[in-house]
Amino acid sequence: MGILIRLVITAVSLWIATLLISGIELTTDSLPAKVGTLLAVAVIFGLVNGILRPIIKAIGCGFYVLTLGLIAIVVNGALFLLTSWIAGRFDLPFHVDSFWPSAVLGALLVGVVSWLLNALVPDGDD
């Protein structure tokens with residue numbers, strides 16, 4: 001159940017990013033298509049972050065130390081852009097225009113909103 005809650009929270013975060021950031025687009029009109037697209041993109045985003053982030057951190061740990069963790073902003077933006085590219089390969093109507101500022105700001109916004117919603121919604125472990 002916790003995975004489904006996190007999936008919905010990520011989908012809501014992605015939806016908020018499409019509303020607030022001009023370079024992130026969800027190009028479908030029907031509500032069911034929007035919900036399905038956001039859930040599919042949330043799955044892709046979770047898989048990309050779950051698989052690639054630990055590898056990138058392990059390989060680039062020197063950069064994380066050297067930049068005091070600020071390289072994480074660049075990595076998050078790149079992973080968000082990769083998510084958009086993968087979604088495009090699956091013909092999902094979700095697109096991020098550019099790395100800066102769309103992908104970087106989108107990744108930051110999705111991260112902050114997800115963190116806030118995860119803090120507010122109990123996941124059953126409490």
Side-chain angles (χ1 to χ4, degrees):
M1 189 66 172
I3 293 174
L4 291 176
I5 291 171
R6 288 188 188 101
L7 178 68
V8 169
I9 287 173
T10 304
V12 169
S13 301
L14 288 166
W15 174 65
I16 292 171
T18 62
L19 295 176
L20 296 179
I21 299 174
S22 63
I24 302 173
E25 301 168 355
L26 184 60
T27 56
T28 185
D29 292 328
S30 71
L31 182 62
K34 284 184 181 181
V35 171
T37 299
L38 288 171
L39 289 173
V41 172
V43 169
I44 294 169
F45 190 59
L47 289 173
V48 166
N49 280 319
I51 294 169
L52 292 180
R53 184 182 306 267
I55 295 169
I56 292 169
K57 280 187 175 182
I59 292 172
C61 64
F63 288 115
Y64 279 86
V65 172
L66 186 65
T67 63
L68 302 174
L70 292 176
I71 193 74
I73 296 170
V74 174
V75 169
N76 288 343
L79 293 177
F80 197 68
L81 200 58
L82 177 63
T83 299
S84 171
W85 181 79
I86 293 171
R89 292 289 175 213
F90 286 108
D91 292 326
L92 294 171
F94 179 83
H95 181 69
V96 178
D97 286 339
S98 62
F99 177 74
W100 177 258
S102 303
V104 172
L105 293 178
L108 285 171
L109 182 65
V110 168
V112 169
V113 171
S114 294
W115 175 75
L116 285 172
L117 291 177
N118 277 312
L120 296 175
V121 175
D123 60 357
D125 294 338
D126 297 336

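Just so it is clear, the values below take in all heavy atoms, side chains as well, and ignore hydrogens, waters and symmetry mates.
- Here the shortest heavy-atom pairing between Ala33 and Ser30 reads CB-OG, 3.0 Å.
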Please walk me through it: do Ile86 and Phe94 pass side chain to side chain contact (heavy atoms under 4.5 Å, CB included)? CA-CA 10 Å; Ile86 293 171; Phe94 179 83; over 6 Å; no

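- Within the 4.5 Å cutoff, the side chain of Trp15 has no heavy atoms near those of the Val41 side chain.
- In the hydrophobic clustering of ILVMFWY residues, with side-chain heavy atoms under 4.5 Å counting as a link, Leu116 and Ile5 come out apart.
- Note: Ser13 OG to Arg6 CZ = 13.0 Å, rounded to the nearest 0.5 Å.
- In this structure, Leu105 CG and Leu109 CG are separated by 8.5 Å, a value rounded to the nearest 0.5 Å.
- Contact annotation: the side chain of His95 never approaches that of Thr27 to less than 4.5 Å [non-hydrogen atoms, C-beta and beyond].
- Screening Val113, Val110, Ile24 for a side chain to side chain contact (heavy atoms under 4.5 Å, CB included) involving Ile16 leaves a single residue, Val113.
- At a threshold of 4.5 Å between side-chain heavy atoms, the hydrophobic network of Ile, Leu, Val, Met, Phe, Trp and Tyr places Ile71 and Leu66 in two separate groups.
- Cluster annotation: Val65 and Val75 are assigned to distinct hydrophobic clusters (Ile/Leu/Val/Met/Phe/Trp/Tyr, side-chain heavy-atom contacts under 4.5 Å, transitive).
- Contact record, Asn76 with Ala107: O-CB, 3.5 Å, taken as the closest heavy-atom pair.
- Proximity of a side-chain donor or acceptor of Thr37 to a complementary backbone N or O of Pro93 within less than 3.5 Å is not detected.
- Counting heavy-atom neighbours within 6.0 Å of Phe90 CZ, excluding the residue itself, gives a total of 12 or less.
- Residues Phe45 and Val48 are not in side-chain contact: their nearest non-hydrogen atoms beyond the backbone lie 4.5 Å or more apart.
- With a 6.0 Å radius and a threshold of 12 heavy atoms from other residues, nucleotides or ligands, Leu70 has its CG atom above the threshold.
- The two residues Asp97 and Glu25 have their closest heavy-atom pair at OD2-OE2, 3.7 Å.
- Contact annotation: the side chain of Trp115 never approaches that of Asn118 to less than 4.5 Å [non-hydrogen atoms, C-beta and beyond].
- With rounding to the nearest 0.5 angstrom, the OG1 atom of Thr10 is 12.5 Å from the CD1 atom of Ile44.
- Distance CG/Leu79 to CG/Asn49: 5.5 Å, rounded to 0.5 Å.
- Ala72 and Tyr64 make their closest contact through CB-CE2, 3.7 Å (heavy atoms, listed as atom of the first residue, atom of the second, distance).
- Using a 4.5 Å cut-off between side-chain heavy atoms of Ile, Leu, Val, Met, Phe, Trp and Tyr, with links allowed through other members, Ile21 and Leu19 fall into the same hydrophobic cluster.
- Scanning both residues, Ala42 and Ala11, for their nearest heavy atoms gives CB-N, 3.8 Å.
- Note: the hydrophobic cluster containing Ile59 does not contain Phe63 (ILVMFWY, side chain heavy atoms under 4.5 Å, direct or indirect links).
- Although no hydrogens or angles enter the test, the distance criterion places no donor-acceptor pair under 3.5 Å between the side chain of Ser114 and the main chain of Gly111.
- A heavy-atom distance below 4.5 Å is not found between the side chains of Leu81 and Trp100.
- Residues Thr67 and Val74 fail the side-chain proximity criterion, which asks for heavy atoms closer than 4.5 Å.
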Check the pair Val8 / Leu4 against side chain to side chain contact (heavy atoms under 4.5 Å, CB included), numbers first and verdict last. CA-CA 6 Å; Val8 169; Leu4 291 176; 5.6 Å; no

